Amino acid sequence: MAAKQGFGSVFSAEMKRVALKPRRIITGAIFAVAAVILFIGMTAVLDWGANEVSNQGVEGAESFGTLPAFLGFGAPLSLISFCFGIYAAAFAARDHSDGTIRATLLLVPDRIRLFLARMLPWVVLAAAFSFLAFAVIAVIGIGRAGAGEAATIVLQGLLATVSSVFTVIVGFCCGTVTKRGSLSVFLFLGLFILIPMVVGMASGFGPDILQAIVKGIDHAMPGVAFGALPDILPLAKATTDTWISLGVSLVWAIGAPIVSCILFKTRGTL
Amino acid sequence: MIEVQGLNKTYGQKQVLTNVSFRAENGLVTGFVGPNGAGKSTTMRMIAALEEPDSGTTLVDGQPFSKAAMPAQMLGVYLGSDYLPIHLTAAEYLAYVCTTNGLDKASIPSLLQMVELAHVADKPISSFSLGMRQRAGLAAAMAGNPANLMLDEPVNGLDPMGVQWLRGVIREQARQGRAVLLSSHLLSELELVADSVVMLDQGQVVRMGSMHALASQTGPLQVLMRTSNDQAVANHLAQYGYQVGYADGMLLVTGLAPESLANFVIKSNLQLYHLEVKRASLEELFMSTATSFESAVPTQAPPQSPPPQAYPYYPQQGQGVGNGR
């Protein structure tokens, strides 16, 4: 006898449809490998640069000695989280445009349940492959920085994973809100790259009030906030900007799904 | 049972549904007809909780479908090939239906066999023809053995054998006590399966009722008959002012009950080969409704047809038609 429909059954079906497909797993693995290769490549280039400068006796070369042994998760985090974010945005939008949402709503009329069940496989996918990538990077980092930095590096790796998950949540929401593939990617890139880039170019110009607005916009962007997450440790040394980043991250990670879910629940399916 | 009460819906400035109310009863096939743009698909989308009405309610077995605890068992829905997940294979789609609704996936092979898609179970739905997509959608609609079935234009793209198969499935579903709401543009096909009809035009219900009741509303009684001397019968009836014509190679008599005609033929010592009450087809009902609706919304019952009159003249015994007068 069939059981009542619950979140578990819908989530299970969506996991099989989205996250457990070979194509998705292979793509996630590619993103993770690319992030690790990027980290290794950057580290190797900077090592080579420091050696070259030191060997040539360039004035001020000793400053290269101040380069940390572990460069952090910034660049690989940006790569893997943006890749997953765009992937989730495009896929979520495609579900709307190709009839999948209409089909699934006939089977799962509880829209909140369906929204969450559709979003969480992307969270699982991003978390799993980001964790794997950052675990490899953390091992390399601990090897370079020493065991004394292990706890900090591990925690930073976990925060980087959280940052990646937050990014994919916003990406999924972009797809749900826009319902069009190209528009969803444009919105995602706008939030994570275009607006911060324009804001960055505008900073330093104009009156103080304009500067304050520009700075406010910059801090409010999810890409800026999420990217700062791994560096909030240790909390004892947190600055005002650190707390702002944390708050903005939580607002986006919680607010974006709430707004998207409301739109998903109330809009028709035409 | 599928119940619609007082549905109203406006898109922008356009009122697409106005006070639509009807019921699809258990054990009956309810045909849902209307011209393009009448609001049939909009109504069905509201029943399936894909759209919200501005006012009014839709209930399936007494509750909104959006609150269904077991959706696939409450209402099986097929709204067209646009409502299929085209990037899944047929087998994956049915597996999704089963997983989301707690159904046994062991039924998938038999479902695919039933709709004759077993040989393409692992191909994506995007590669299917229209008829194959129809079959996939119907399989998904029936996977949960639903208590109610709602199908929008299900025969589109089906070959004649497929249409015949579907007709049998629909009749069987109703026979098992399910409510079936079925919309189709193929009125001749709908006529073969529908027990009752709801006609929608410009967003309003314009006719509703059993096929038999609706047929009697279209005009006076007409009887098709064939005798051993049609010409003589025709001449005789015409003398008494009855309208007599020909249809399908037989006499078409208007305004006389079949019993009266049969009595007359027998007493006239003629052979009676065929006697049939000619009912208005669903297509005739539809055409008369669609063209008459524009003139006025009726505020009173349609005029009653004059009661069929008994034929006043019975030839004396031993006399044939036209003899001894």
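Just so it is clear, the model here is predicted, and its values are computed rather than measured.
- How far CG of D82(B) is from CZ of R102(A): 5.5 Å, rounded to the nearest 0.5 Å.
- Counted within 6.0 Å of CZ on F131(A), heavy atoms from surrounding residues, nucleotides or ligands total 12 or fewer; the atom is thus considered open.
- Of all heavy-atom pairs spanning Y93(B) and A103(A), the tightest one is OH-CB, 4.4 Å.
- Among A69(B), A72(B), C98(B), the residue with the largest count of heavy-atom pairs under 4.5 Å with chain A is A69(B).
- In this structure, L107(A) and P71(B) have side chains that are not in contact, with every pair of non-hydrogen atoms separated by 4.5 Å or more.
- With respect to chain B, the highest number of heavy-atom pairs below 4.5 Å among G6(A), A117(A), G99(A), S12(A) belongs to G99(A).
- Between the Q5(A) side chain and the T100(B) main chain, a donor and an acceptor come within less than 3.5 Å of each other.
- Only the side chain of E92(B) comes within less than 4.5 Å of a heavy atom in chain A; its backbone stays farther off.
- Expressed to the nearest 0.5 Å, how far CG of L105(A) lies from CG of L79(B) amounts to 11.0 Å.
- If you tally non-hydrogen atom pairs under 4.5 Å between each of V10(A), V108(A), T104(A) and chain B, the highest count goes to T104(A).
- Residues H87(B) and R94(A) have side chains in contact (heavy-atom distance under 4.5 Å, counting atoms from C-beta outward).
- Around atom CD of Q176(B), more than 12 heavy atoms belonging to other residues, nucleotides or ligands sit under 6.0 Å away.
- Note that CZ of F65(B) and CG of L106(A) are 6.5 Å apart. Values are rounded to the nearest 0.5 Å.
- F186(A) CZ: 12 or fewer foreign heavy atoms inside a 6.0 Å radius.
- The pair R267(A)-E51(B) fails the salt-bridge criterion, with no side-chain N (NZ, NE, NH1 or NH2) lying under 4.0 Å from an Asp/Glu carboxylate O.
- Remark: T100(A) OG1 to L84(B) CG distance equals 9.5 Å, nearest 0.5 Å.
- Residues M70(B) and K4(A) approach most closely at CG-CA, 3.8 Å, considering heavy atoms.
- Within the 4.5 Å cutoff, the side chain of Y96(B) has heavy atoms near those of the E14(A) side chain.
- Taking all atoms of both residues into account, the shortest heavy-atom contact from L50(B) to R111(A) is O-NH2, 3.1 Å.
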